[in-house]
There are 2 protein chains.
Amino acid sequence: MTGHLTDAVEDYLKTIYKLSCSRGRVGTGLIAETLGVTPASVTDMVQRLSGEDPPLLDYAKHQGVALTEGGRKAALETIRRHRLLELFLHQVLGYSWDQVHVEADRLEHVISEEFEERVAEVLGNPRRGLHGEPIPSPGLEMPDREDRYLLEMRPNQRGIVQEVNDDDPGLLRFLESQGIVPGAGFVVLDYSAYDDNLRLRLDGSEAEIVLGASITGQILVEIAEPQAGA
Amino acid sequence: MTGHLTDAVEDYLKTIYKLSCSRGRVGTGLIAETLGVTPASVTDMVQRLSGEDPPLLDYAKHQGVALTEGGRKAALETIRRHRLLELFLHQVLGYSWDQVHVEADRLEHVISEEFEERVAEVLGNPRRGLHGEPIPSPGLEMPDREDRYLLEMRPNQRGIVQEVNDDDPGLLRFLESQGIVPGAGFVVLDYSAYDDNLRLRLDGSEAEIVLGASITGQILVEIAEPQAGA
DNA sequence: ATCATATTTTAGGCTATTCTAATTTTTTGT
DNA sequence: ACAAAAAATTAGAATAGCCTAAAATATGAT
Ligand SMILES: [Mn+2]
Ligand SMILES: [Mn+2]
Ligand SMILES: [Mn+2]
Ligand SMILES: [Mn+2]
């Protein structure tokens with residue numbers, strides 16, 4: 001019986017899911033930092049979650065944690081709710097794209113299956129969230145993605161913005177003001193090895209935009225290999 | 001500083017508000033029964049809430065509790081959110097009127113002021129909830145009401161349904177099927193002193209409906225004193 | 001290989017909420 | 001007025017989360 005998961009547990013699982021996409025196993029320190037709690041609290045929680053009836057985490061002392069299949073499903077369930085809620089808050093209640101995350105982060109733990117289904121239907125069963133995030137299917141399948149960080153791009157490469165990190169409202173407002181939103185096509189003009197700045201131009205715009213690594217590391221893109229004739 | 005109130009505290013205040021509308025001070029036993037917890041838990045909670053910086057409750061041992069002005073405001077804030085949410089779930093997400101209460105009872109503790117305001121706006125700043133409940137104004141004013149229980153009515157009196165108790169889904173489905181919804185006018189045909197049954201006929205309907213006291217005690221009505229000439 | 005640093009875990013505590021069982025207070029019925 | 005019954009309170013304990021400070025373990029640099 002997977003009884004009900006508490007808000008805290010859902011947030012831990014969600015966080016571990018996201019962190020283990022890049023790195024493999026995740027250390028308690030990183031989880032603590034991401035969640036804004038102390039490492040001691042994380043150790044405590046991961047020990048509890050790895051000792052459940054069907055464990056949600058795979059944990060060994062000093063080895064970090066990984067999600068079990070059950071933990072992964074629970075994480076994806078919460079992520080689906082979160083992303084549907086963000087879209088809903090924007091499209092139905094008129095929230096701006098920098099406001100939705102905080103509200104969704106609380107609501108995601110409280111809505112019923114029924115609510116989730118009705119929201120999905122009102123939104124037309126979307127596959128992408130407000131910031132370009134893929135939304136897990138109702139059956140909790142998550143598409144594999146080949147997106148790269150804008151950070152990795154170099155001059156003359158073309159790309160299309162796929163997703164932007166949504167947990168910094170200030171950054172989101174800036175990106176929106178610059179037209180850097182999912183779907184926007186662009187070309188990289190210049191790369192500066194000293195500070196990792198990228199200079200780029202959005203399709204259909206004259207203006208050139210210079211972005212530092214702390215921004216380009218938050219943006220996922222699809223890189224279009226440069227056409228032979230150009 | 002009234003820091004954030006927990007879900008449990010909000011539910012206690014809401015419950016005490018409703019109970020103290022009929023009776024004056026409320027005993028711990030009644031609160032316990034309504035909330036589905038033990039009397040010991042209630043004693044504990046009311047002692048905490050009456051000992052806060054600005055107390056939310058006025059409590060004296062064995063004397064029951066009453067809300068302070070702060071407690072009343074907090075209760076009305078939660079009640080406003082609850083009733084707006086019920087309407088929203090019905091009108092925007094298509095919930096039926098017997099489904100909304102349970103969902104709203106969880107969401108009411110989690111939505112932000114922003115969410116409340118946007119929902120109110122989408123709904124057109126309604127004054128009445130889905131089951132006829134008055135919705136406290138944004139400034140938390142609650143209209144005085146003179147509604148009576150259907151229970152108290154006698155033959156030949158006419159009335160208009162104002163509000164039905166919404167915490168029993170089965171009853172709500174029954175009432176809807178009979179056309180007993182807020183706004184419905186009716187006349188009382190008969191009263192049986194033995195079992196307190198009432199027989200009545202809804203305006204624009206031929207059918208007669210017989211209701212027992214366990215139902216008529218859940219329905220608030222406005223009684224139209226019988227016109228002189230009829 | 002060894003020591004210094006960084007990371008992780010343990011130990012001990014705190015708050016909020018609830019429970020059960022025991023006790024106290026109030027109410028009621030004679 | 002008094003005992004029995006009902007209601008309320010206290011005492012003691014559990015669970016979930018979180019914290020700080022101390023101890024243990026791992027890493028990595030000479
Ligand atoms: Mn988000
Ligand atoms: Mn969350
Ligand atoms: Mn309700
Ligand atoms: Mn509630």
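Side chains included, hydrogens not; waters and symmetry mates left out as well; all remaining heavy atoms used. Model, not experiment: these values are computed from the prediction.
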Legend entry - Sugar-phosphate or base contact per nucleotide [nucleotides 1-18 of chain C; S, B, -; heavy atom under 4.0 Å]: -------SBB-----SBB

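Rounded to whole Å, atom P of D/dA16 lies 15 Å from atom CD of A/E10. The NE2-C1' distance, from A/H4 to D/dT15, rounds to 16 Å in whole Å. Taking atom NE2 on A/H109 and atom P on D/dA16, their separation rounds to 17 Å, with Å as the unit.
The salt bridge (charged side-chain N to carboxylate O under 4.0 Å, His left out) test with B/E77 is passed by exactly one of B/K73, B/R81, B/R80: B/R81.
If you look at A/H131 and A/W97, their ring centroids are closer than 6.0 Å.
In summary, the side chains of B/H101 and B/D167 do not present any donor paired with an acceptor at a separation below 3.5 Å, with no hydrogens or angles considered.
A salt bridge links A/D58 with A/R25: the distance from a Lys NZ or Arg NE/NH1/NH2 to an Asp or Glu carboxylate oxygen falls below 4.0 Å.
With rounding to the nearest 0.5 angstrom, the CG atom of B/L87 is 12.0 Å from the CZ atom of B/R128.
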